[in-house]
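Just below is one structure, and these are the notes that go with it.
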Amino acid sequence: MTTATGRSAGTGADEKPEHSADRTRRFGPGTPLRAAAGFALAAIVLFAVAPLVLGDFRLNLLAKYLCLAIVAVGIGLAWGRGGMLALGQGVFFGLGGYAMAMHLKLADAGPGNLPDFMQLYGQIDKLPWWWEPFANPVFALAATVLLPVFVAFLLGSLVFRRRVRGAYFAILSQALAAALAIYLIGEQGTTGGTNGLTDIQGFFGFRLDDPLNQRAVYFIIAACLLLMLALVRQLMHSRYGELLVAVRDAEERVRFLGYDPANVKLVAYMVAAGMAGLAGALFVPAVGIISPALIGVVPSIEFVIGVALGGRATLIGPVLGAIAVAWAKTTLSEQFPAAWTYLQGLLFVIFLAFLPNGLASVAGLVRRRRPAPADRKAAQPKSVPLTAETGGAGQ
Amino acid sequence: MFRVRGRRIAACAAVVATAMTLASCGSRVDQSSSSTAATGAVDASGTTIKVGLLNSLSGTMAISEVTVKNALMLAVDEINAAGGVLGKKIEPVSEDGASDWPTFAEKAQKLISQDRVAAVFGCWTSASRKAVKPVFEKNKALLFYPVQYEGLEQSPYIYYTGATTNQQIVPALDYLKAQGKTSLYLVGSDYVFPRTANKIIKAYADANGMKVLGEDYAPLGSTEFSTITNKVKAAGAGAVFNTLNGDSNVAFFKEYKSAGLTADKMPVLSVSIAEEEVKSIGTQYLADQLTAWNYYQTTPGAANEKFVKAYKAKYGEDKPTSDPMEAAYVSVYLWKAMVEKAGAFDVEKVKAAGAAGDITFDAPEGKVTVDGPTQHVHKTARIGKIGSDGLINEVWNSGEPIKPDPYLKDYAWAKSLA
């Protein structure tokens, strides 16, 4: 068990590390100023640099990567900080995505009409009752986040209270992802089956085939990502964040201290589910499709791979990891259409073998190589919040 | 103090973000697009002309789709050797759809807007076609789709060179009826094509006095068929109509044979087993079972002899040719004929050339004609029997090419379907 609790060690600006020089205190890891600078930098990159540098097509791809990054931020909280290996985030991604796509399909069809695929495959004359509320935009938007949160609440309350942990929890969440995908495929007439919901024309009154609107969708997604990062940072640096790390590292001790670990975990799991739902909802206008292939076992694992590569216990690691994995997938498969899967596998192996703490740990490695100033030495181990030995996965 | 400054920066960022988002709003649903053809129109400026090949080179569909890509490459090479199209050599740009539908959509967009290809050839599963359909319609770009499918579709930017239902499933049912079969058992993989095909089969059976004794679906890739086989055996149907896809066929036919069911007791008519699949399932399990396609490697004719010979010379003596490969090969030649008639690579001109219904090609399966209104192809239906040599021998054909009817408008019994 580790005693390191990462950046959460310094919770506020007023809590000054004793030995550090003035510059470090203001701008050291975890200080609000540094975080604000990081956010400003990210905002400049996402809102100014990317739209100027990238063409419509590449920007649209980036929008897709950012959706996956939003899922990753949630997994980073649940897995990296909370030790819950959430291998079934596809479920929540899918719930959010389908909720959004159902509304957009109904809006495309117009009031009183059935969506196109129902007329083709459904052989029904009336909208199924569970589709009807999604015609209301407010309900649909709320459902994209609240539905996943509710499902996570049900599942989490059952599982965490019974102290299901580690591999059992991971298997359970995988099974749920598989079950949802199989259900959606089976109900072809009302869910679109394997095809999923495609051919979405409008987005709340705006045409999706207009590049300007695609750009607006990108900006919305980028703003959501920054918002989610800010939310998770607040959580990580709060008392709750410390409690979550404590539950990850020594659940029994936390229980003896009088806290209920089940509740602590449940909150992180619900937040992660809500983020996956939001990401799924944003994915629909960006990519134009949601299908069972996006929510089953394989995509659920891919979400986690990105987080693992990026560094699961850090704030920015999962984001970088998710974007890097998705970007590598696109680039490799464009360059080497016949061999990219091998290259991708090789990359995963290399990364996990040499950087078990992910991309975000590169900074720490570089810092360690450099002869550290005397006043920094004390703070050194804290920059690596989760070491490989303590691994959240096996607990 | 720093916290306050951080918040101020964050607030500024939020304001800027909102402003940019609002400023960049484009046209609304009731308006037409504010910027037309924003992504690439066809780039015909070079000495070569690019076309896209969009097939799954990885994932579960790779085994089938790689053969389609091979056939497409064969056609491209032949056309280039003969001087190209309108004096330009074809430059194929291959992309991997990875058996994943959103990836298909992404790669289709890439081919259109980055490579600015004149046309895209590929896709296999209906799900991948449904995923790319809006991409092609949005960009006003052309897709040639080479696989038999479940019909009920007619996109203005897709040419369908495989069979629709009235060129494969309906003739197969006619054949079974003529053989005196009065009851059917339906077995299929759980996705759109089998479920839609079975709806059509049930409507046909109702109208023609046939009984459907059972209908079972296995998940794609499933290899557990003892339950389904037992149900089939217990039902004692006249024939089994099989719409299973891929690996599942291997398990199904092994189980079928070990249950003591044979082709003369209860024949299985399959619509997704071609020469390539016969090889992987094993002829001992498939002997004398039936298939329905528009082309077999054994189809007679000089055009087919040339095609089979050229394919084997390029990819190996042991490589069979199959219906989807032939349809893919044909699609490149049909595109070439349309471009040459139009005298340009421009998509709308090519479509106009195809609309007249006089685009033909002496294909390995016989003469094929592009149907103007539906953008499908007139094709001859063929029922085949699988021989012990792994090839499929024709036992019946429709005599002449059948006019494509994707919505089955000319069939009274299909009124309730669309």
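Chain naming here is simple, since letters A, B, ... match the order of the sequence lines and numbering starts at 1 in each.
- Remark: A:Gln201 CD to B:Glu137 CD distance equals 7.5 Å, nearest 0.5 Å.
- A heavy-atom distance below 4.5 Å is not found between the side chains of B:Lys110 and A:Thr330.
- When heavy atoms are compared at a cutoff of 4.5 Å, B:Pro219 does not approach chain A at all.
- For the atom pair CD (A:Glu187) and CZ (B:Arg195), the distance works out to 7.5 Å, reported to the nearest 0.5 Å.
- Taken to the nearest 0.5 Å, the CG atom of B:Asp96 stands 13.5 Å off from the CZ atom of A:Phe336.
- Here the shortest heavy-atom pairing between B:Thr196 and A:Gln188 reads OG1-NE2, 3.4 Å.
- Neither the backbone nor the side chain of B:Glu153 has a heavy atom closer than 4.5 Å to any heavy atom of chain A.
- The part of A:Ile289 that comes within reach of chain B is its side chain, from C-beta onward, which places non-hydrogen atoms under 4.5 angstrom from that chain.
- Remark: B:Ser126 OG to A:Asn195 CG distance equals 6.5 Å, nearest 0.5 Å.
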* Would you check, one step at a time, whether the test salt bridge (Lys or Arg N to Asp or Glu O under 4.0 Å) holds for A:Asp199 with B:Lys133? => CA-CA 7 Å; A:Asp199 211 352; B:Lys133 179 172 161 271; 3.1 Å; yes

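- Between A:Pro337 and B:Ser94, the shortest heavy-atom distance links the atoms CG-O, 3.5 Å.
- Only the side chain of B:Asp100 comes within less than 4.5 Å of a heavy atom of chain A; its backbone N, CA, C and O stay farther away.
- B:Leu152 contributes atom CG, which lies 14.5 Å from atom CZ of A:Phe117 (distance to the nearest 0.5 angstrom).
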* Where do A:Thr194 and B:Lys130 land on the side chain to side chain contact (heavy atoms under 4.5 Å, CB included) test, with the steps shown first? -> CA-CA 10 Å; A:Thr194 18; B:Lys130 291 277 183 201; over 6 Å; no

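- At a 4.5 Å heavy-atom cutoff, the contact between B:Glu106 and chain A is made by backbone and side-chain atoms alike.
- A:Ser333 and B:Lys107 share a side-chain donor-acceptor pair at under 3.5 Å.
- With a 4.5 angstrom heavy-atom cutoff, A:Leu61 touches chain B only via side-chain atoms.
- Contact between A:Thr198 and B:Ala131 at its shortest, heavy atoms only, is CG2-CA, 4.3 Å.
- Looking at A:Leu294, the atoms closer than 4.5 Å to chain B (heavy atoms on both sides) all sit in the side chain, from C-beta outward.
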